[in-house]
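Treat the numbers as computed from the prediction; the structure is a model and nothing was measured.
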Amino acid sequence: MRRILIIAEKPSAAKKIAYALSDKGVRIVKVGKTPIYATTFKGQQIYVAYAMGHLYNIVQKSGGWIFPVYNIKWERTSPKDRSYNERIKETIQAIAKIAREVDEIVVACDYDIEGSLIGYNVVKYACGEKYFKKSSRMIFSTLTRNELRKAFDRRLKTLDWPVIEAGKMRHEIDWIFGINLSRALTLSLRRVGDRERILSIGRVQGPTLKLLAEREIDINTHVPLPYWKARAIVEINGVKYVAEYAGGNIESEEKALEIKKIRDKYATVKKIERKVTKERPPPPFNLGELQREAYRIYRISPGKTLEISEKLYLQALISYPRTGSEQIPDSIDVKGIIEKLGEMREYRDLVQKIFEHSKRPKPVKGKGTDPAHPAIHPTGEKVNIKLSGNDRKIYDLIVRRFLASCYRSMTKSETRALLDIEGHLFVLKGVEIIDHGWLKIYPFKKVTEKPFPRIVEGMKLKVIRVEVEEKYTKPKPRYNVRSLLKKMENLGLGTKATRAEIIEILFSRRYLENPNNIEVTDLGMKVSEILSKICPEILSVELTRNVEQIIDELKSEYLTSEYRKVIVANTVLGLYSVLSKMKKNEINIGQSLVGKDFKPHVEGKPIGRCPVCGNQLLIVRSKKTKKRFIVCYGRTTGECDVTQPLPQKGRIRPLHETCKYCGYPLLACVSKGKEWVFCTNIRCPGKRKNV
DNA sequence: GCAAGGTC
């Protein structure tokens, strides 16, 4: 019997694959603590194991927190890593064990560059390179039974090497740019005395910061220009109505004055138009839209929404939330899910409405697609644990959106009357909802109704007055987290799973403040300013575009590892001179970053003037090693970098005298009852001559 | 300690 190990990207996918490829049911076998699905399919023994996203990551081969650094390698995600998960090690061991007993390894991770790379790394490092020739690749875009079976039968006989290389390339370029520039910024700050703060920048952080910085400049340099808005107040059967000037905003003062001069007491109804429009229900959520709506309606942050969705997913209440899709494939039992939702008291009425509308409800399809997952939808599972606060709100939002997407359109009628007053045209508008449709189920969209009077063409209406209001142009509004996420999505910055997190990083670096009305801090502006001079690539979306373009062009052809290395080297070529410039200008950059508000803070005992720069020399203790040493106060502003070691034992007493050989202060040290005098300069020319 | 990308 042929034995096959299938590697999925994550537990949920592994389960679906196992059940799709099973003739007689699925068993779970434990290898150590790791569960693995076992099944038989068309006379083959199948094991399905899963990774948990990337199990391997790029690390620096050797050396410390320095730059430039280009020596990198792939390594199992370590406990030091932020993304470490304690099950990683066991998972790898389990996969390695089963791999030894099978005839073939099938990579069945998501079909994108990260998925191909995840699978490749598992084969290479968990199993060993010799398994490459036994490895194949299953390609599918949804986790439905039919597609999975087809994908298994028609799998590629080898790994998809060009896609793997594309994935490696993306990781390497991001790492080299991000780590080096982040270190260069952080170490500049350290040079001028701020030893706490970490700065960062990267392919996604950079353009996002720049976007916000440009908006900040726009707002601060906006020159308000005058414009006018005109409206006529008319009276019909004793009721007042407002008709807006038909030409929109008036930019010429002359025109505004002309309208102001209207004295006619009557308006003539020139034309009436009535339009009935239908608005289709919104499609079910993808992650981005869920995050935006949760923020708009409940002010729940995108990060929080993701966290809650993940929890709901683990409780089996909703489908996989990290999806870009706004579509529910036909293979999902929509009717069954809705029936189950109907068993919950709070949704009974809504569900009844849906079935009155259609016996076979079908969610409308949105534009978003995703290679691996359908749109977010409830599973219909009973809510066992009582959901609290925000959890409840998010769950309810998902349920309502899903139900609404199966319901009928909203219908409204819009009426417009064109009024002529002394040759100037005004518009009288009315809006009436004829049928709320899906709005009854998803009531979070505001449609304001406006009554329309009973009038006919040719009628004369009484004009109470014509108002002309002077206004001034305003700058574009500041971003909030929601609009920023949307903008990033449009620009192709980050992915659905990382965008919210990256915005949070920008806040934690203190580049940004006030999430509801985002302002760029002085520090954020400085980082953007400095990089736009020294390394504009990191602030431009072009880096993302280039990487994408290279990947798109090459993954369909034969992108070899040699070729990848050449591309990475070419892409990071310019970085070398950027980094050496940053190193040379560390102090300038640091000073510019800390700005005028920065107050260097060093506590220590003064012992006399520094012979190099004239500032005070201080005795301080290292936070890290607890050892005492001498530092020049000038180091806090970057103008000096003198430090000197001290004996660690004994009581030290300043003598307020300077060394006759080098000008450094002299100190006395008392230890074990003896006192001796020494020069604080470790390289004092007088050291050998006994001071 | 620093990126961006998967995932728990």
Side-chain angles (χ1 to χ4, degrees), chain A residues 7-14 34 50-60 63-69 72 74 77 80-91 109-122 166-190 194-209 306-307 309-311 313-314 320-323 371-373 488 492-506 508-509 527 538 543-544 547-548 551 572 575 579 624:
Chain A
I7 294 164
E9 182 154 325
K10 49 191 163 264
S12 61
T34 306
Y50 52 82
M52 280 158 295
H54 283 291
L55 303 181
Y56 299 84
N57 225 325
I58 291 182
V59 296
Q60 191 172 338
W65 229 78
I66 50 153
F67 75 95
V69 40
I72 54 179
W74 285 83
T77 306
K80 278 180 270 173
D81 208 299
R82 190 174 50 82
S83 57
Y84 178 73
N85 173 322
E86 49 192 20
R87 287 166 58 200
I88 287 178
K89 199 173 168 187
E90 300 158 10
T91 300
C109 299
D110 294 355
Y111 187 52
D112 49 34
I113 63 171
E114 301 299 333
S116 291
L117 185 58
I118 290 168
Y120 158 85
N121 277 331
V122 168
K168 282 189 178 183
M169 189 181 93
R170 205 279 303 150
H171 277 260
E172 290 169 6
I173 292 174
D174 279 352
W175 195 97
I176 292 171
F177 265 93
I179 298 293
N180 278 296
L181 289 170
S182 297
R183 284 183 184 176
L185 290 173
T186 306
L187 293 175
S188 296
L189 214 50
R190 179 182 283 204
D194 187 336
R195 308 181 77 78
E196 308 293 322
R197 215 170 335 185
I198 302 287
L199 300 183
S200 65
I201 203 73
R203 177 177 54 82
V204 180
Q205 289 183 35
T208 308
L209 179 62
L306 175 59
E307 191 191 314
S309 315
E310 219 114 67
K311 201 160 70 184
Y313 164 66
L314 291 174
Y320 189 73
R322 270 182 238 240
T323 174
H373 302 283
M488 289 172 76
L493 292 173
T495 68
K496 57 185 184 272
T498 58
R499 280 189 279 267
E501 199 181 327
I502 286 171
I503 294 174
E504 269 159 31
I505 290 174
L506 293 176
S508 71
R509 302 274 178 255
V527 168
I538 200 66
L543 189 57
T544 288
V547 171
E548 265 171 13
I551 286 169
V572 304
L575 193 60
L579 294 173
K624 221 198 239 166

When we call it a touch if two heavy atoms are under 4.0 Å apart, what does [X] touch: a base, just sugar-phosphate, or nothing?
{"X": "A:R203", "answer": "sugar-phosphate"}
{"X": "A:Q205", "answer": "sugar-phosphate"}
{"X": "A:G178", "answer": "sugar-phosphate"}
{"X": "A:E501", "answer": "nothing"}
{"X": "A:I58", "answer": "base"}
{"X": "A:Y320", "answer": "sugar-phosphate"}
{"X": "A:T498", "answer": "base"}
{"X": "A:G115", "answer": "nothing"}
{"X": "A:N180", "answer": "nothing"}

Between [N] atom [atom2] and [X] atom [atom1], what is the distance in whole Å?
{"X": "A:I72", "N": "B:dA3", "atom1": "CD1", "atom2": "P", "answer": "15 Å"}
{"X": "A:N121", "N": "B:dG5", "atom1": "CG", "atom2": "P", "answer": "17 Å"}
{"X": "A:K496", "N": "B:dA4", "atom1": "NZ", "atom2": "C1'", "answer": "14 Å"}
{"X": "A:I7", "N": "B:dG6", "atom1": "CD1", "atom2": "P", "answer": "19 Å"}
{"X": "A:M488", "N": "B:dA4", "atom1": "CE", "atom2": "C1'", "answer": "11 Å"}
{"X": "A:H54", "N": "B:dA3", "atom1": "NE2", "atom2": "P", "answer": "16 Å"}
{"X": "A:L117", "N": "B:dA3", "atom1": "CG", "atom2": "P", "answer": "19 Å"}
{"X": "A:I538", "N": "B:dA3", "atom1": "CD1", "atom2": "P", "answer": "11 Å"}

Practice prompt. Select from A:P11 and A:Y56 the residue whose nearest nucleotide in DNA chain B is closer to the 5' end of that strand.
Written response: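 On the 5' side of the pair lies A:Y56.
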Worksheet item: Between A:K80 and A:G202, which has a closest nucleotide on DNA chain B that is more 5'?
Response: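 Looking at the nearest nucleotide for each, A:K80 comes out on the 5' side.
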Do any side-chain nitrogens or oxygens of [X] fall under 4.0 Å of OP1 or OP2 in [N]?
{"X": "A:T495", "N": "B:dA4", "result": "no"}
{"X": "A:T186", "N": "B:dC2", "result": "no"}
{"X": "A:R509", "N": "B:dC2", "result": "yes"}

Item to complete: Would you indicate whether the side-chain heavy atoms of A:I505 and A:Q205 approach each other to under 4.5 Å?
Response: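 Yes - at least one pair of side-chain heavy atoms lies under 4.5 Å apart.
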Which listed nucleotide ([options]) is nearest to the side chain of [X]?
{"X": "A:A497", "options": "B:dG6, B:dG1, B:dC2", "answer": "B:dG6"}
{"X": "A:V204", "options": "B:dC2, B:dG5, B:dG1", "answer": "B:dG5"}
{"X": "A:R170", "options": "B:dC2, B:dC8, B:dA4", "answer": "B:dA4"}
{"X": "A:S200", "options": "B:dC8, B:dG5, B:dA3", "answer": "B:dA3"}

Backbone of [Y] reached by a side-chain donor or acceptor of [X] within 3.5 Å:
{"X": "A:D194", "Y": "A:E196", "value": "yes"}
{"X": "A:T77", "Y": "A:L55", "value": "yes"}
{"X": "A:T186", "Y": "A:L199", "value": "yes"}

Fill in: Residues that A:K89 engages under side chain to side chain contact (heavy atoms under 4.5 Å, CB included), provided they are two or more places apart
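Checked A:K89 against side chain to side chain contact (heavy atoms under 4.5 Å, CB included); matches are A:R76, A:Q93.
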Worksheet item: For A:Y120, what residues pass the ring pair (Phe, Tyr, Trp, His ring centres under 6.0 Å) criterion, not counting sequence neighbours?
Response: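 In terms of ring pair (Phe, Tyr, Trp, His ring centres under 6.0 Å), with neighbours along the sequence ignored, A:Y120 is linked to A:F132, A:W161.
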Practice prompt. May I ask whether A:F177 stacks on the base of B:dA3, given the cut-offs of 5.5 Å between ring centres and 30° between planes?
Written response: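 No, A:F177 does not stack on the base of B:dA3.
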Worksheet item: Is it true that the side chains of A:Y313 and A:S12 contain a donor and an acceptor less than 3.5 Å apart?
Response: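 Yes, because at least one side-chain N or O of A:Y313 sits under 3.5 Å from a partner of the opposite role on A:S12.
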